[in-house]
Undergrad: 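My questions will all concern the structure given below.
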Amino acid sequence: MTQNSTEHVLVTGGAGYIGSHTVVELIAAGHKITLVDSLERSEYRIIEGIESITNSKVEFHKIDCLDFSSLDDLFSKNKFTSVIHFAAYKSVNESVVNPIAYYKNNVGSLLVLLEVMKKHQVIDLIFSSSCTVYGQPDQVQVNELAPFKKPESPYGSTKQMCEKILEDAATENFRIVSLRYFNPIGAHPSTLIGELPIGIPNNLVPYVTQTAAGVREKLTVFGTDYNTPDGSCIRDFIHVSDVATAHVKAIGYLKCKTEKRIFEAFNLGTGVGVSVLELVKKFIEVTGVSLKYTLGPRRSGDVEKVFADPGKINTHFGWYTQYDLSQSLLHAWQWEKKLRGV
Ligand code: NAD
Ligand code: WQD
């Protein structure tokens, strides 16, 4: 791919699920990128996948974002125009068992990154936030004005803390966009990159695809007595490549701004609520595979129904989704088959 912009974007956690898809879109948009990842939660083959899709060599540095001196050195050798910070731990369950590691990695890496950025006067930052910051929101279709409620987990707490830190950091001449992802699913249509879940997945779609592939015996639908049309929870499932393109738009959004200090949060979702049972049935319909599932009790901490009001991001970024639920599930399944060599 040809590089036709003057942007040089540092992507932390760029070998991860959302980071890798974003790197693909950044390269497609003509941006120069540098990828940093500790590879603690990903593998080098994902970087090779990015290189195959984009037909270009990726500049990769195996660095832990808690390591100030390595990041400092990298910033000294490059003139980054912006940073996208994906690097973090993301498992709700793991954060309950090991909260200290979550605070250290998620909050600690952000603080180190901000210090290095400040030292090198790199001011534009896109941050990976989550709909989890809303806790149990009062509105089903939530917009960015909804207050942060009590976080459901230490993981959720780290995202709330990071947003607070960023809001305050902006007063020190940072320009920050925080993207609150809803439920990213699917994989790149090429099936060269996708999610690499560690252990037994907590998230619905990896559990569905692993069950369909015979890795798990059956899926349990957690709760069928919610106040929803079919009794199961409602979420906003969004294709990971749509999540990725929003980051390219976010870079462009900040570039067009003349203000020296910005902190803006945006919901990143489709605006469509889909129930767990609807998703399961859609998966069976679009893939044609059989899926063993059972109806089980509620999972503690689950929000009954929540989906994004994406009006702000649609208007300010001119960003809209390209993929629907069927395509997202098909791509998730194609990626699972690739992983299993089926
Ligand atoms: P992921 O685990 O696939 O990717 C994270 C990447 O960051 C991994 O490659 C990991 O090796 C790397 N990493 C972790 N800590 C690091 C550190 N200290 N230094 C360097 N690299 C480090 O996760 P993902 O799904 O791609 O999530 C990316 C971001 O989006 C995270 O901040 C996550 O909290 C956030 N998010 C994810 C979801 C989701 O459902 N996937 C939803 C909302 C928000
Ligand atoms: C979706 C629905 C489950 C598994 C989490 C984080 C959130 C964000 C996205 C990072 C729920 C049901 C699930 C299963 C099921 N991540 N389910 N059987 O909980 O909406 O959000 O991931 O920021 O912070 O909390 O996503 O995929 O875990 O669950 O019935 O085996 O699927 O109960 O209703 P969730 P999820």
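Here, residue 1 is the first one in the sequence, and each next residue gets the next number. Indexing begins at 1, ligand by ligand and atom by atom, following the structure's order. All heavy atoms count here, side chains included; hydrogens, waters and symmetry mates do not.
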Undergrad: Give the atom numbers and elements of ligand 1 that come within less than 4.0 Å of a heavy atom of A15.
TA: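 Those qualifying, in numeric order: 9 (O).
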Undergrad: Mind checking the OG-CG spacing from S82 to L254? Nearest 0.5 Å is all I need.
TA: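 The distance works out to 7.5 Å.
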Undergrad: Do H21 and I193 have side-chain heavy atoms sitting under 4.5 Å apart?
TA: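 Counting from C-beta outward, H21 and I193 do come under 4.5 Å.
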Undergrad: List ligand 1 atoms under 4.0 Å from S128, heavy atoms only on the residue side.
TA: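 In order of numbering, the contacting atoms are 29 (C), 30 (O), 32 (O), 35 (C).
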Undergrad: Give the atom numbers and elements of ligand 1 that come within less than 4.0 Å of a heavy atom of P184.
TA: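 That gives atoms 39 (C), 40 (O), 42 (C) of ligand 1.
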Undergrad: Quick one: do E336 and R340 make a salt bridge, cutoff under 4.0 Å?
TA: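 Here E336 pairs with R340 in a salt bridge, since their nearest N and O are under 4.0 Å apart.
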Undergrad: Start with the C-alpha distance between F75 and F80, add both sets of side-chain angles, then the distance that settles ring pair (Phe, Tyr, Trp, His ring centres under 6.0 Å), and finish with yes or no.
TA: CA-CA 7 Å; F75 274 72; F80 298 123; 5.0 Å; yes
Undergrad: Do S109 and ligand 1 have an N or O pair less than 3.5 Å apart?
TA: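 Between S109 and ligand 1 (N or O atoms, distance only) the closest approach is not under 3.5 Å.
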Undergrad: Below 30° counts as parallel, above 60° as perpendicular, anything between as tilted: where do the rings of F86 and Y181 land?
TA: tilted
Undergrad: Is there side-chain contact between Y320 and N314, with heavy atoms separated by less than 4.5 Å?
TA: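 Y320 vs N314: side chains touch.
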Undergrad: Can you tell me which residue pairs pass the salt bridge (charged side-chain N to carboxylate O under 4.0 Å, His left out) test with a partner in residues 88-102, sequence neighbours excluded?
TA: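 For residues 88-102, and leaving out neighbouring residues, the salt bridge (charged side-chain N to carboxylate O under 4.0 Å, His left out) pairs sorted by first residue read R41-E94, K90-E195.
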Undergrad: Tell me, which protein residue and heavy-atom name are nearest atom 11 (O) of ligand 1, and how many Å apart are they?
TA: D37 OD1, 2.7 Å
Undergrad: What protein heavy atom lies closest to atom 31 (C) of ligand 1? Include the residue and the distance to one decimal.
TA: F86 O, 3.2 Å
Undergrad: Under 4.0 Å from a heavy atom of S129: which atoms of ligand 1 are those, numbered in the order shown and with their elements?
TA: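 Listed by number with element, the hits are 43 (C), 44 (C).
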Undergrad: Taking the non-hydrogen atoms of D64, is any one of them nearer than 4.0 angstrom to ligand 1?
TA: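 Flag set, D64 near ligand 1.
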Undergrad: Atom CG in L204, atom CZ in R235: separation rounded to 0.5 Å?
TA: 9.5 Å
Undergrad: With rounding to the nearest 0.5 Å, note down the distance linking SG in C65 to CD1 in I63.
TA: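 Spacing of SG (C65) from CD1 (I63) equals 7.5 Å.
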Undergrad: For K159, state whether at least one heavy atom is located under 4.0 Å from any atom of ligand 1.
TA: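 In this structure, K159 qualifies as a contact of ligand 1 - some heavy atom is under 4.0 Å.
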Undergrad: Identify the closest protein heavy atom to atom 7 (O) of ligand 1: which residue and atom is it, and at what distance?
TA: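 Here the nearest protein heavy atom works out to G13 CA, 3.4 Å.
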Undergrad: Go through ligand 1 atom by atom and flag the ones less than 4.0 Å from a non-hydrogen atom of C65.
TA: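 Those atoms are 17 (C), 18 (N), 19 (N), 20 (C).
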Undergrad: For each nitrogen or oxygen atom of ligand 2, which protein N/O atoms lie closer than 3.5 Å, and how far apart are they, rounded to 0.1 Å?
TA:
residue	atom	partner	partner atom	Å
ligand 2	18 (N)	T220	O	2.8
ligand 2	19 (O)	R299	NH2	2.9
ligand 2	20 (O)	N183	ND2	3.0
ligand 2	20 (O)	R235	NE	2.5
ligand 2	22 (O)	N203	ND2	3.1
ligand 2	23 (O)	S130	OG	2.8
ligand 2	23 (O)	Y155	OH	2.5
ligand 2	24 (O)	S130	OG	3.4
ligand 2	26 (O)	N183	ND2	3.2
ligand 2	27 (O)	N203	ND2	3.2
ligand 2	27 (O)	L204	N	2.8
ligand 2	28 (O)	N202	O	3.4
ligand 2	28 (O)	N203	ND2	3.2
ligand 2	28 (O)	R299	NH1	3.4
ligand 2	28 (O)	R299	NH2	2.9
ligand 2	29 (O)	R299	NH2	3.4
ligand 2	30 (O)	T220	O	3.4
ligand 2	30 (O)	F222	N	2.8
ligand 2	33 (O)	D302	OD2	2.5

Undergrad: Mark up the atoms of ligand 1 that fall under 4.0 Å of a heavy atom belonging to Y17, in ascending order.
TA: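 Counting from 1, the qualifying ligand atoms are 1 (P), 3 (O), 4 (O), 25 (O), 26 (O).
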Undergrad: Can you sort out which atoms of ligand 1 are near L39, meaning under 4.0 Å from one of its heavy atoms?
TA: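 Checking each atom against L39, I get 11 (O).
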Undergrad: Considering heavy atoms of the protein only, find what lies nearest to atom 18 (N) of ligand 1 and give residue, atom and distance to 0.1 Å.
TA: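 Checked against all protein heavy atoms, atom 18 (N) of ligand 1 sits closest to N105 OD1, 2.7 Å.
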Undergrad: Could you check whether K57 pairs with E51 (Lys NZ or Arg NE/NH1/NH2 to Asp/Glu carboxylate O, under 4.0 Å)?
TA: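 Answer for the salt bridge query: yes.
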Undergrad: Determine whether D64 and S38 satisfy the following criterion, side chain to side chain donor-acceptor pair (under 3.5 Å), listing intermediate values before the conclusion.
TA: CA-CA 5 Å; D64 191 314; S38 62; 5.0 Å; no
Undergrad: Kindly assign one of parallel, tilted or perpendicular to the pair W333 and F283, based on the angle between their ring planes and the thresholds 30° and 60°.
TA: perpendicular
Undergrad: Check I63 against ligand 1 and report side chain, backbone, both or neither, counting heavy atoms closer than 4.0 Å.
TA: backbone
Undergrad: Side-chain heavy atoms nearer than 4.5 Å, only ILVMFWY residues, links allowed to pass through others: does that put V243 and F182 together?
TA: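 In one cluster: no.
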Undergrad: To which protein heavy atom is atom 34 (O) of ligand 1 closest, and what is the distance rounded to 0.1 Å?
TA: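 I find the closest protein heavy atom is Y155 OH, 2.6 Å.
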Undergrad: Among all protein non-hydrogen atoms, which one is nearest to atom 30 (O) of ligand 1, and what is the separation to 0.1 Å?
TA: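 Ranking protein heavy atoms by distance from atom 30 (O) of ligand 1, first comes Y181 CE1, 3.3 Å.
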Undergrad: In terms of residue, atom name and distance, what is the protein heavy atom nearest to atom 21 (N) of ligand 1?
TA: S38 N, 3.1 Å
Undergrad: Mark the output for T132 as yes if a heavy-atom distance to ligand 1 is under 4.0 Å, and as no if none is.
TA: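 For ligand 1, residue contact (heavy atoms, under 4.0 Å) with T132 is absent.
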Undergrad: Do NZ/NE/NH1/NH2 and the carboxylate oxygens of E264 and K312 come within less than 4.0 Å?
TA: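 K312 and E264: salt-bridged.
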Undergrad: How far is atom 37 (C) of ligand 1 from its nearest protein heavy atom, and which residue and atom is that?
TA: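 The protein heavy atom lying closest is I18 CD1, 3.7 Å.
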Undergrad: Check the orientation of F266 and F317. Use parallel for under 30°, tilted for 30 to 60°, and perpendicular for over 60°.
TA: tilted
Undergrad: Please find out if less than 6.0 Å separates the ring center of H239 from that of H331.
TA: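 So the answer is yes for these two rings.
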